[in-house]
Amino acid sequence: MSKTENHTSGAGGDTEFADIFAALGDPTRLAIFDRLSDGQARSIAVLSDDADMTRQAVTKHLRVLENAGLIESHRIGRESRYAFCPDRLALARAWLDHVAGRWDGALMRLKSFVEDGPAPSCDKHLKIKED
C-alpha cells in the first residue's frame, strides 16, 4: 500500500496530516511557506529580512515547517538554505480531495433522501403513528 493510499483510507490515529495543517495554520509560517513555494531556496538571513523578524524567530518557524515535511534544508558552506517540498503538500491535497469526495457522496445521499424519501430498506424501521 502506498503512503497516499494509507493516509486516504481514513486511518484514525495518524497525526501526519494534523502536523501539516498545524504548521500551515500559523499566519507567519504560512507566509514563510508561501514565500518558499516559488521554488527558490532561501537562507534564514533572507527570510528574516523579508519577514521583519529576528533570525531566531524565523528559525523556530522553519523548524516546524521542516518537521512537518513541508520544507527541507540544504547546507551550502556555512549557510543553510530552505526550500519548498511539493510532495508533502500534494499528499495533504490528496487527503483533502478524499475527504471532499466522501462529503460529496454524503450530500448526494441526503439530497436523494430529501427529494425521493427514504430508501425502501429504511421503510421497515419507520413507524407511522395512527390515531
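Keep in mind that the numbers below use all heavy atoms, side chains included, and drop hydrogens, waters and symmetry copies. Predicted model only: the values in this text are computed from it and were never measured.
Atom CE in M53 sits 11.0 Å away from atom CG in D49 (nearest 0.5 Å). From L30, atom CG reaches atom CZ of R35 across 14.0 Å, with rounding to the nearest 0.5 Å. Note that CG of D87 and CD of E72 are 9.0 Å apart. Values are rounded to the nearest 0.5 Å. We find the CD1-CG distance between I20 and L96 to be 9.5 Å, quoted to the nearest 0.5 Å. A distance of 10.5 Å separates CG of L47 from CZ of R55, quoted to the nearest 0.5 Å. How far CG of L62 is from CD1 of I71: 4.5 Å, rounded to the nearest 0.5 Å.
Both L24 and Y82 are assigned to one and the same hydrophobic cluster, defined by single-linkage of ILVMFWY side chains at heavy-atom distances under 4.5 Å. Tracing side-chain contacts under 4.5 Å through hydrophobic residues (I, L, V, M, F, W, Y), one never reaches V64 starting from V58; they form parts of separate clusters.
By the side-chain hydrogen bond (donor to acceptor under 3.5 Å, both in side chains) test, D97 is found to be paired with no residue, residues two or more places apart in sequence or in another chain being considered.
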Can you check side chain to side chain contact (heavy atoms under 4.5 Å, CB included) on E66 and S73, steps first, answer last?
CA-CA 8 Å; E66 190 170 22; S73 63; 2.9 Å; yes

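With contacts defined as side-chain heavy-atom distances shorter than 4.5 Å, the pair R63/T59 qualifies. Using a 4.5 Å heavy-atom cutoff, the side chains of F84 and L70 are not in contact. When side chains are defined from C-beta on, T28 counts as touching I32, because their heavy atoms get closer than 4.5 Å.
The list of salt bridge (charged side-chain N to carboxylate O under 4.0 Å, His left out) pairs with a residue in residues 73-86, not counting sequence neighbours, reads E79-R81.
Pairing each heavy atom of Q40 with each of L36, the nearest pair is O-CD2, 3.9 Å. The nearest pair of heavy atoms linking C85 to G69 is CB-O, 3.5 Å.
Under the 30°/60° scheme for interplanar angles, the aromatic rings of F21 and W95 are found to be tilted.
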